[in-house]
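First up is the structure itself, then whatever we jot down about it.
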Amino acid sequence: MKVTENVKIKELVSENISCSSMCLTVDWDQFDASLSSNIAVGLSDGLVSVVSLSEAQMQIEHTWKPHMFEVWTVSYDSQRRGILYTGADDCNFCGWDLRESSYQPIFRNTKSHRMGICSIQKCPAWENCIITGSYDECLRLWDTRLMEKPVLQESVGLGGGVWKLKFHPSNGNLVLAACMHNGFAIVRLEDDGIKIVEEYKGHDSLAYGADWFKGDVSKIERCWLGVPCIESSFHQEEHLLDGTDSSKNCGQQKDNNIATAQQIASGNSLDDGPSGKINFEERACERACSLVATCSFYDKALHIWKPKTPVYDAILDSTDD
């Protein structure tokens, strides 16, 4: 893996949020990307600050103390203007309407999480739903219309707090979870529960950082490995780069008529005859792949790996009827 050393990052603006506390988490309000300029910051003393950005200037608009201990996660609701969720080491899960000046929570759940709350994410494919991850090793699914208790909760893995949650960029039912002492997991949100579909145990230290690659996987794999991303089986070697070996072959080369993720999602990828209908069962090996980057704490390791889980199973199954 090559690390670029000559890239220069220019600081545009900065602001001292606190003189005595650490900034632990940030989230940018994405409700309206063309207008939004608010950033929420969670602090180590239980405070939360909202910072506005305009004309290359930052200004602290609001600061209040919603929690007793470290605020590990703040998350704006991408579908509801001005709604912010916070979670902290005091096991409190809170929602706030920033359009109100009273700083009274629209909800405060103190009983569901048995340990600190590490991650909060809005579900892109499920209206009125959010998920939370906690040190208590559970991933929970919530309906924002009823916050007294989670709709579903399921352990992501024994011995690992759910530190980071990331939804797949194009399939809102798949979630990547960093589970601290228990590696990484991919879970699928389903109508009747939360299903663990894959685990990755390639790290030797605390699993903290995780994210999906958001570009064209086929292009990046051709660049790295000289072969297409489509495998003859999704149960071949999934680990592409671990900082030491960047030459593993990711699969056998197929014909040039390979469907992209976007084409498969739309159902217009390949022509199977006059009807134009795709036989997805026969072309299962051509389903779009994903790429994941994960990092761990003490061993300072960054891994890039390809999940065995086909991203568009749900879409393909419904299209094949």
Would you say the side-chain atoms of [X] pair up with the backbone N or O of [Y], donor to acceptor, closer than 3.5 Å?
X: Thr144; Y: Asn128; result: yes
X: Ser296; Y: Ala207; result: no
X: Ser205; Y: Tyr298; result: yes
X: Lys166; Y: Ala177; result: no

Heavy-atom check, side chain of [X] versus side chain of [Y], under 4.5 Å:
X: His113; Y: Arg140; value: yes
X: Leu174; Y: Leu176; value: no
X: Trp72; Y: Trp163; value: yes
X: Ile120; Y: Asp27; value: no
X: Ile83; Y: Ile106; value: yes
X: Phe167; Y: Ile131; value: yes
X: Val50; Y: Tyr76; value: yes
X: Arg114; Y: Cys138; value: yes

(request) Report the relative orientation of the aromatic rings in Phe93 and Phe107; use parallel for angles under 30°, tilted for 30 to 60°, perpendicular for over 60°. (result)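 It falls in the perpendicular class, over 60°.
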Taking [atom1] in [X] as the centre, count heavy atoms belonging to other residues, nucleotides or ligands within less than 6.0 Å. Is the count above 12?
X: Lys300; atom1: NZ; answer: no
X: Lys201; atom1: NZ; answer: yes
X: Lys122; atom1: NZ; answer: yes

Output the distance between atom [atom1] ([X]) and atom [atom2] ([Y]), rounded to the nearest 0.5 Å.
X: Ile117; Y: Asp90; atom1: CD1; atom2: CG; answer: 7.5 Å
X: Cys91; Y: Lys111; atom1: SG; atom2: NZ; answer: 13.5 Å
X: Ile60; Y: Ile17; atom1: CD1; atom2: CD1; answer: 4.5 Å
X: Glu198; Y: Thr309; atom1: CD; atom2: OG1; answer: 3.5 Å
X: Ile186; Y: Ser290; atom1: CD1; atom2: OG; answer: 7.5 Å
X: Leu139; Y: Leu189; atom1: CG; atom2: CG; answer: 7.0 Å

Applying the 4.5 Å side-chain criterion to the ILVMFWY set and letting contacts propagate, would [X] and [Y] be lumped into a single cluster?
X: Tyr135; Y: Phe297; value: yes
X: Trp142; Y: Leu152; value: no
X: Val51; Y: Leu43; value: yes
X: Met68; Y: Val74; value: no
X: Leu98; Y: Ile39; value: no

Using only heavy-atom distances, determine whether the side chains of [X] and [Y] contain a donor-acceptor pair under 3.5 Å.
X: Thr86; Y: Trp96; answer: yes
X: Lys149; Y: Asn109; answer: no
X: Asn92; Y: His67; answer: no
X: Thr63; Y: Ser49; answer: yes

Exercise: identify the closest heavy-atom pair between [X] and [Y]:
X: Cys123; Y: Gln79; result: O-NE2, 4.3 Å
X: Asp136; Y: Ser112; result: OD2-O, 4.4 Å
X: Glu61; Y: Ser52; result: OE2-OG, 2.6 Å
X: Tyr208; Y: Ala178; result: O-CB, 3.6 Å
X: Arg108; Y: Cys94; result: NH1-SG, 3.4 Å
X: Gly46; Y: Pro66; result: O-CD, 3.1 Å

(request) Test Asp45 against every option in Ser21, Ser20, Ser18 by the side chain to side chain donor-acceptor pair (under 3.5 Å) rule and name the one that passes. (result) Ser21
(request) Show the numbers, then the answer: is there a side chain to side chain contact (heavy atoms under 4.5 Å, CB included) between Ile194 and Arg188? (result) CA-CA 6 Å; Ile194 304 171; Arg188 180 183 290 120; over 6 Å; no
(message) What verdict does the side chain to side chain contact (heavy atoms under 4.5 Å, CB included) test give for Thr132 and Ser119, after you've listed the backbone C-alpha separation in whole Å, the side-chain angles of each residue and the deciding distance to 0.1 Å?
(response) CA-CA 5 Å; Thr132 59; Ser119 185; over 6 Å; no
(request) Taking the six-membered ring for Trp and the single ring otherwise, decide whether the centroids of Phe184 and Trp305 are under 6.0 Å apart. (result)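 Distance test on ring centres: not under 6.0 Å, no.
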